[in-house]
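Heavy-atom basis, side chains included; hydrogens, waters and symmetry copies ignored. Keep in mind it's a predicted model, so treat the numbers as computed, not measured.
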Amino acid sequence: MYAITVAEPGGPETMRWTEVEDPEPGPGEVLLDVVATAVNRADLLQRQGNYPPPPGASAILGLECSGRVAALGEGVTGWSVGEEVCALLAGGGYAQKVVVPAAQLLPQPERVDLETAGGLPEVACTVWSNVVDRAGLAEGETFLVQGGSSGIGTHAIQVAKALGARVAATANPARFDVCRELGADIVIDYDADVPEELKKATDGHGADVILDNMGAKGLKANLAALASDGRLMIIGMQGGVKAEMNIGALLAKRGSVTAMGLRGRPVEGPHGKGAVVRGVREQIWPMLGDGRVKPIVHARFPLSQAAEAHRTLEAGGVVGKLLLVAE
């Protein structure tokens with residue numbers, strides 16, 4: 001098969017469309033013929049040498065895909081050859097074929113074509129595990145997503161709205177309308193005093209749940225924006241890894257700060273990727289089926305042109321996901 005390989009850590013120019021050995025499914029695994037995958041910021045970090053795959057995972061980039069079942073490993077039941085699916089991956093998506101644990105497979109959702117489904121598993125599993133499962137966002141609560149026009153943000157706005165929350169999002173003013181069209185009730189400029197603007201818009205309440213991908217840079221403002229009993233969910237480190245936190249302010253609000261990754265989790269277990277995928281199938285897939293949540297795709301590239309897709313994401317201004325379509 002052909003896959004995108006990275007000759008050495010560096011810029012997009014290090015990526016090559018290369019012939020590599022075909023993967024073979026082991027016990028409990030499924031082989032997929034890839035139809036599409038998507039570009040995630042974690043892929044950029046891995047390409048730069050800053051985010052190695054977990055032990056045993058493919059070194060090929062790509063944390064999600066859609067495709068057709070090509071072969072079943074020993075012991076796999078409930079799936080059949082030729083079935084159209086999408087999957088959460090620990091790696092390997094930038095290729096014509098990929099092996100995935102059967103527990104991380106999802107059926108192609110209703111109302112979503114197979115190609116577009118290639119950009120769903122990572123955002124759906126991230127948002128469900130953080131916002132729905134761990135933070136327990138409830139109807140009537142206020143939800144703030146930092147980066148409302150991103151792949152995660154566009155999905156999170158819609159899911160929170162479907163759950164009956166009041167939704168706030170930060171964004172560049174040029175993308176305010178996009179966030180509002182997706183369901184955001186409150187949109188705030190990245191560069192504004194976000195806690196102050198949010199409190200103005202919520203009569204001083206703040207956010208019951210915050211989904212943040214900046215990490216250290218956003219910690220102080222996020223804590224200030226939290227409501228009493230608020231839950232801050234950190235899913236990224238784009239703004240650094242170390243920051244000082246006022247424990248007294250957190251105690252006064254009875255607040256909580258949780259940092260959760262997805263890629264490094266085990267397949268099985270109460271917090272494993274299999275459990276996350278089952279939750280997404282039960283609770284998020286129906287939202288796609290009835291149209292409450294829709295995938296947002298900014299652009300599509302041939303898989304062999306993944307380097308150009310990386311340049312596009314790094315340049316900024318992407319709304320939703322960038323898809324890589326198999327050739």
Give the minimum heavy-atom separation between [X] and [Y], together with the two atoms involved.
| X | Y | result |
| --- | --- | --- |
| Cys86 | Pro109 | SG-CD, 4.4 Å |
| Val209 | Ala135 | CG1-CB, 3.8 Å |
| Ala87 | Leu32 | CB-CD1, 4.1 Å |
| Arg254 | Ser228 | NH2-CB, 3.7 Å |
| Ser256 | Leu226 | O-CD1, 4.4 Å |
| Gly91 | Leu63 | N-CD2, 4.2 Å |

Decide whether [X] and [Y] meet the rule of one side-chain donor and one side-chain acceptor closer than 3.5 Å.
| X | Y | answer |
| --- | --- | --- |
| Gln283 | Asp133 | no |
| Asn40 | Glu64 | yes |
| Thr14 | Glu8 | no |
| Arg166 | Thr142 | yes |
| Ser150 | Arg41 | no |

Is the number of heavy atoms from other residues, nucleotides or ligands within 6.0 Å of [atom1] ([X]) greater than 12?
| X | atom1 | answer |
| --- | --- | --- |
| Lys199 | NZ | yes |
| Tyr2 | OH | no |
| Met237 | CE | no |
| Glu314 | CD | yes |

Are the side chain of [X] and the backbone of [Y] linked by a donor-acceptor contact shorter than 3.5 Å?
| X | Y | result |
| --- | --- | --- |
| Arg134 | Ser129 | no |
| Lys273 | Arg263 | yes |
| Lys253 | Ala224 | yes |
| Glu29 | Val100 | no |
| Thr202 | Leu198 | yes |
| Gln108 | Val112 | yes |
| Asn50 | Gln46 | no |
| Glu327 | Ser304 | yes |
| Arg265 | Gly261 | yes |
| Arg47 | Gly10 | yes |

Kindly determine whether Leu163 and Glu139 satisfy side-chain contact (heavy atoms from CB on, under 4.5 Å), including the steps that lead there.
CA-CA 6 Å; Leu163 292 171; Glu139 183 177 358; over 6 Å; no
Cluster check [X], [Y]: I/L/V/M/F/W/Y, side chain < 4.5 angstrom:
| X | Y | answer |
| --- | --- | --- |
| Leu88 | Val98 | no |
| Val319 | Leu313 | no |
| Ile296 | Val123 | yes |
| Leu89 | Leu45 | no |
| Leu120 | Val85 | no |

Taking atom [atom1] of [X] and atom [atom2] of [Y], what is their separation to the nearest 0.5 Å?
| X | Y | atom1 | atom2 | value |
| --- | --- | --- | --- | --- |
| Ser149 | Asp177 | OG | CG | 12.0 Å |
| His271 | Leu262 | NE2 | CG | 13.5 Å |
| Thr170 | Ile210 | OG1 | CD1 | 10.0 Å |
| Asp290 | Trp285 | CG | CH2 | 13.5 Å |
| Glu84 | Asp33 | CD | CG | 11.5 Å |
| Ile284 | Trp128 | CD1 | CH2 | 8.5 Å |

Between [Y] and [X], is there a side-chain heavy-atom distance shorter than 4.5 Å?
| X | Y | answer |
| --- | --- | --- |
| Val69 | Ser80 | no |
| Leu303 | Val325 | no |
| His310 | Met15 | yes |
| Glu24 | Val99 | no |
| Val20 | Met1 | yes |
| Pro25 | Val30 | no |
| Gln158 | Arg292 | no |
| Leu288 | Glu110 | no |

Go through the steps for Trp79 and Leu72 under the test side-chain contact (heavy atoms from CB on, under 4.5 Å), then give the verdict.
CA-CA 8 Å; Trp79 303 97; Leu72 304 176; 4.2 Å; yes
Please assess Lys220 against Glu244 for the test salt bridge (charged side-chain N to carboxylate O under 4.0 Å, His left out), listing each intermediate value before the final yes or no.
CA-CA 8 Å; Lys220 183 177 180 180; Glu244 193 171 275; over 6 Å; no
Show, in sequence, the C-alpha distance, side-chain angles and deciding distance for His298 and Lys321, and conclude whether the side-chain contact (heavy atoms from CB on, under 4.5 Å) test is met.
CA-CA 6 Å; His298 183 87; Lys321 298 297 291 275; over 6 Å; no
side-chain contact (heavy atoms from CB on, under 4.5 Å), that's the test. Do Tyr94 and Asp43 meet it? Break it down for me.
CA-CA 10 Å; Tyr94 287 27; Asp43 302 337; 2.8 Å; yes
Over-ring placement of Arg175 relative to Tyr190, 6.0 Å and 45° cut-offs
no
If you apply the rule salt bridge (charged side-chain N to carboxylate O under 4.0 Å, His left out), what do you find for Asp185 with Lys161, and how did you get there?
CA-CA 9 Å; Asp185 304 288; Lys161 196 67 178 178; 2.6 Å; yes
I need the single residue from Asn213, Asn222, Asp212 that forms a side chain to side chain donor-acceptor pair (under 3.5 Å) with Gln146. Which is it?
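Going through Asn213, Asn222, Asp212 one by one, the side chain to side chain donor-acceptor pair (under 3.5 Å) with Gln146 is satisfied by Asn222 alone.
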